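Heads up, the thing below is written out as structure tokens.
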There are 2 protein chains.
Amino acid sequence: MLSESRPAEQSIVKGGHLGPIEREAIEMFINFFRLLGLPKSIGEIYGLLFVSPHPLTMDDLMTRLDISLGAASQGLKTLRSVGAVKAVYSPGERRDHFVADLELSRFAASFIKEQILPKLEVASSRVERMEAALAELPEAERRETRARINELSRWLNRGRTMLPVALKLLA
Amino acid sequence: MLSESRPAEQSIVKGGHLGPIEREAIEMFINFFRLLGLPKSIGEIYGLLFVSPHPLTMDDLMTRLDISLGAASQGLKTLRSVGAVKAVYSPGERRDHFVADLELSRFAASFIKEQILPKLEVASSRVERMEAALAELPEAERRETRARINELSRWLNRGRTMLPVALKLLA
DNA sequence: CAGGGACTTCAATATAAAATGAAATGCGTC
DNA sequence: GACGCATTTCATTTTATATTGAAGTCCCTG
């Protein structure tokens, strides 16, 4: 929740074979992804891939991060779906190799487009239904409630138009 | 997680005595707050307060939303702490009355300032430690890893400077 | 300054989310 | 076209998070 930042955290990371750079990167991305409501394992995977100078296999991830097969597979799936990670071809190699896409803005764009904007649409239709329902309200409450719903409506519109702009600003 | 939006949801809200406007508002804010990783009960409370034309007591919230004493108390505490709700004085009344602060931008500002920016600071110091640790790295990997850490650093700086700007844009 | 609401805390419980790993599937190779 | 490694899926288990409500604290009020 609005946690007062975990108590004197000392190494969330448990996997072996990790150098200091990797540990820092992993913890950093765990925190970052948590902010977006994504599980720890996804932060770990992305963090390790991010600082890795060469592509890694699923098996690398499993052993170095000490996570399960399923977690690695699902985490990679999610990360690919949002454009944060891609598979690269490795000649003469059977297994898939993965790299982090360093263009974080692409990832942010996809996140906004696929997660936020759809929710704003749903919210908009809710507001419409609320406006329709205003008529049923007792006279006394109608005016004030209408004002509040309008406020909501203004915010949704602003969000829908400004979010993409704000994103460009960061990119 | 990156959920494909819950299956044909029909009324998450369980409390009785709620009109259609209230139900819509509550579900809407449940979803919105969930995006920020806040629990359902907080969305319910804020949603009901938002569309309510007059201040409500803790007891109102408990009965109408059918939540416990503790949930109401803690939820209000959190909401007040981020400036989303405030207590208003009600003459000749013993109990506290609460209203939603309609200025959502205030809430957003407080969220960024208290939740995001501190995390960016922590992340920055991580990056510094990573840069320091670069020296220990085998020659072969150093160049590429350095490039990646630099990328990270650029992003953090951009975030720290642009986030407050982006916020102003929305307000 | 005692009694009694109103509110807060927090240990216990209930609920939800993530990780695990065995079984199913896909896919390339011989 | 069957074998075998690589990957995905998903029921189960584990872990983390939210909710409850009884016990504690804080005021106001008389």
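Below, chains carry the letters A, B, ... as their sequence lines are ordered, and counting in each starts from 1. The structure presented is a predicted model; accordingly, all values stated were derived computationally and were not measured. Atom set for the values below is all heavy atoms of this structure, side chains included, hydrogens, waters and symmetry mates excluded.
Among the protein residues, A:Ser73 comes within range of the nucleic acid bases, having at least one heavy atom under 4.0 Å from a base atom. Within the nucleic acid shown, B:Asp96 comes within 4.0 Å of sugar-phosphate atoms alone, with no base atom in reach, counting heavy atoms only. Nucleic acid contact class of B:Thr57 (heavy atoms, under 4.0 Å, all strands): none. As judged by a 4.0 angstrom heavy-atom cut-off over every strand, B:Arg94 is placed among the base-contacting residues.
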Side-chain donor/acceptor pairs under 3.5 Å, residues 69-78 of chain B, sequence neighbours excluded:
unit_1  : atom_1 : unit_2  : atom_2 : d
B:Thr78 : OG1    : B:Gln74 : O      : 3.2

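Under 4.0 angstrom from either OP1 or OP2 of C:dA17 there lies no side-chain N or O belonging to A:Lys40. An OP1 or OP2 oxygen of C:dA17 is reached within less than 4.0 angstrom by no side-chain nitrogen or oxygen of A:Arg34. Proximity of B:Ser41 to the phosphate of D:dT19: a side-chain N or O atom is located under 4.0 Å from OP1 or OP2.
In this structure, A:Phe33 atom CZ and C:dA19 atom P are separated by 13 Å, rounded to whole Å. Rounding to whole angstrom units, CG of residue A:Leu56 and P of D:dA6 are separated by 16 Å. A:Leu36 has its CG atom 16 Å from the P atom of C:dA17, to the nearest Å. Atom CD1 in B:Ile67 sits about 16 Å away from atom P in C:dT15, given to the nearest Å. Computed from coordinates, the A:Met58 CE to D:dC5 C1' distance equals 12 Å when rounded to whole Å. A:Met62 has its CE atom 11 Å from the P atom of C:dA22, to the nearest Å. Atom-to-atom, CZ of B:Arg95 to P of C:dG4 comes out at 17 Å; the value is rounded to the nearest Å. Computed from coordinates, the B:Glu93 CD to C:dC7 P distance equals 10 Å when rounded to whole Å.
Residue pairs satisfying the side-chain hydrogen bond (donor to acceptor under 3.5 Å, both in side chains) criterion with at least one member in residues 144-156 of chain B, sequence neighbours excluded, are listed as follows: B:Glu144-B:Arg148, B:Glu151-B:Arg154.
Enclosure of atom CZ in B:Phe111 by more than 12 non-hydrogen atoms of other residues, nucleotides or ligands within 6.0 angstrom is indicated.
Sequence order on DNA chain C of the closest nucleotides to A:Ile42 and B:Gln74 puts B:Gln74 first from the 5' end. When each of B:Ala71 and A:Leu69 is assigned the nucleotide of DNA chain D with its nearest heavy atom, A:Leu69 is the one assigned upstream, toward the 5' end.
Using a 4.5 Å heavy-atom threshold, the side chains of B:Met130 and B:Leu152 count as touching.
Remark: aromatic rings of A:Phe107 and A:Phe33 are close, center separation under 6.0 Å.
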